[in-house]
Amino acid sequence: NAGVTQTPKFQVLKTGQSMTLQCAQDMNHEYMSWYRQDPGMGLRLIHYSVGAGITDQGEVPNGYNVSRSTTEDFPLRLLSAAPSQTSVYFCASSSISYTQYFGPGTRLTVL
Amino acid sequence: AQKVTQAQTEISVVEKEDVTLDCVYETRDTTYYLFWYKQPPSGELVFLIRRNSFDEQNEISGRYSWNFQKSTSSFNFTITASQVVDSAVYFCALSEANYGGSQGNLIFGKGTKLSVKP
């Protein structure tokens, strides 16, 4: 039981490039979400999904896209990377217990 | 609006001291959940505890204890006899029980960095 996995662990992009951060969970959780962590800001919700085929925006969705074709996977796409998207990205999943379990994070730098 | 405030940005203690991390929350919901997460220097987020709004019992787990007081909208975390391994950033978070999908969304405080010196 791997829990929540994220790839890659580190990524450097140039401004304007696009990429996808991968997230997968093997706990059969319906709810999945993406957060970004910036110094002094805590974690802020980007997008979330309550089940396959259902996604919605969080607090800071601009510049990001998501889809949920399976229960297990919830990729986050950066459409055209900007330096303001330099951050640490965490994926999380939860069951009906409301407790969210987080992946190890992806540290993204946009030059 | 929902909000979580952790007024202590950084705390430094000497090993074996007791330390309390403060958390104050705001919500208009009557049903909600409160959480504490630990983020050690390695960077992962470790779940510590979940409390629902109907359960005001304090909880103790080893050296950790939590004091939930609805009257003051606080959910404070105490580490007794702190150890160097407790050095981490601790986050308090709130989730509102909005039936319809967003119930898992967490609102985080900005975190308290705890440094425990030997």
Side-chain angles (χ1 to χ4, degrees), chain A residues 2-6 8-10 23 25 27 29-61 66 68 71 74 87-108, chain B residues 1-10 21 23-27 29 31-55 59 66 88-113:
Chain A
V4 180
T5 58
Q6 291 182 238
K9 290 188 175 174
F10 301 94
C23 174
Q25 53 92 9
M27 297 176 282
H29 287 167
E30 290 296 324
Y31 180 94
M32 295 185 74
S33 55
W34 278 100
Y35 292 83
R36 60 177 288 172
Q37 182 179 19
D38 302 296
M41 297 292 293
L43 284 86
R44 293 179 292 169
L45 182 67
I46 304 171
H47 283 286
Y48 67 97
S49 169
V50 299
I54 307 169
T55 64
D56 206 344
Q57 297 180 351
E59 180 186 353
V60 289
V66 292
R68 183 101 179 266
T71 299
F74 191 42
S87 189
V88 181
Y89 292 85
F90 287 96
C91 178
S93 74
S94 71
S95 65
I96 58 171
S97 72
Y98 290 72
T99 299
Q100 293 200 41
Y101 295 95
F102 287 82
T106 294
R107 186 173 294 273
L108 175 68
Chain B
Q2 323 93 311
K3 188 178 179 183
V4 175
T5 302
Q6 295 180 255
Q8 304 148 308
T9 306
E10 291 193 41
L21 310 182
C23 173
V24 174
Y25 62 92
E26 295 176 31
T27 177
D29 274 18
T31 303
Y32 52 89
Y33 297 84
L34 295 164
F35 302 81
W36 277 94
Y37 284 86
K38 174 182 180 180
Q39 186 174 44
S42 51
E44 72 270 24
L45 284 158
V46 179
F47 165 72
L48 295 178
I49 189 171
R50 183 190 80 226
R51 228 22 180 183
N52 75 53
S53 52
F54 296 113
D55 184 1
E59 179 146 345
W66 291 269
V89 179
Y90 291 87
F91 290 98
C92 181
L94 164 72
S95 177
E96 294 174 332
N98 295 318
Y99 300 103
S102 65
Q103 61 264 35
N105 297 352
L106 288 172
I107 298 124
F108 281 86
K110 294 184 179 180
T112 298
K113 182 178 181 180

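Just so it is clear, the values below take in all heavy atoms, side chains as well, and ignore hydrogens, waters and symmetry mates. It should be emphasised that the depicted structure is a prediction, and the values quoted were computed from it without experimental measurement. We name chains A, B, ... by the order of the sequence lines, and we start the count at 1 in each one.
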Begin with the C-alpha distance, continue with both residues' side-chain angles, and end with the deciding distance and a verdict on side-chain contact (heavy atoms from CB on, under 4.5 Å) for Y35(A) and L45(B).
CA-CA 12 Å; Y35(A) 292 83; L45(B) 284 158; over 6 Å; no
Region of L45(A) that comes under 4.5 Å of a non-hydrogen atom in chain B
side chain
Which one wins on heavy-atom pair count under 4.5 Å against chain B: G40(A), P104(A), G105(A), S49(A)?
G40(A)
Using atom types as modelled and distance alone, determine if a side-chain donor or acceptor of Y37(B) lies under 3.5 Å from a backbone N or O of Y101(A).
no
Which portion of T99(A) sits near chain B, non-hydrogen atoms under 4.5 angstrom:
both
Under a 4.5 Å heavy-atom cut-off, does chain B meet the side chain of E59(A), its backbone, both or neither?
neither
Cut-off 4.5 Å, heavy atoms of chain A, and the answer for Q39(B) is side chain
Just wondering, more than 12 heavy atoms not from K110(B) lying within 6.0 Å of its NZ?
no
Under 3.5 Å, is there a donor-acceptor pair between the Y31(A) and N105(B) side chains?
yes
Output for pair (S94(A) OG, Y33(B) OH), nearest 0.5 Å, gives 11.0 Å
Atom CZ of R107(A) with >12 non-hydrogen neighbours under 6.0 angstrom:
no
Out of Q37(A), E30(A), M32(A), R44(A), return the one with the most heavy atom pairs under 4.5 angstrom to chain B.
Q37(A)
Can you tell me which of G51(A), G42(A), A92(A), S33(A) forms the most heavy-atom pairs within a distance under 4.5 Å of chain B?
G42(A)
What is the distance from atom CD of Q100(A) to atom CZ of R50(B), rounded to the nearest 0.5 Å?
11.5 Å
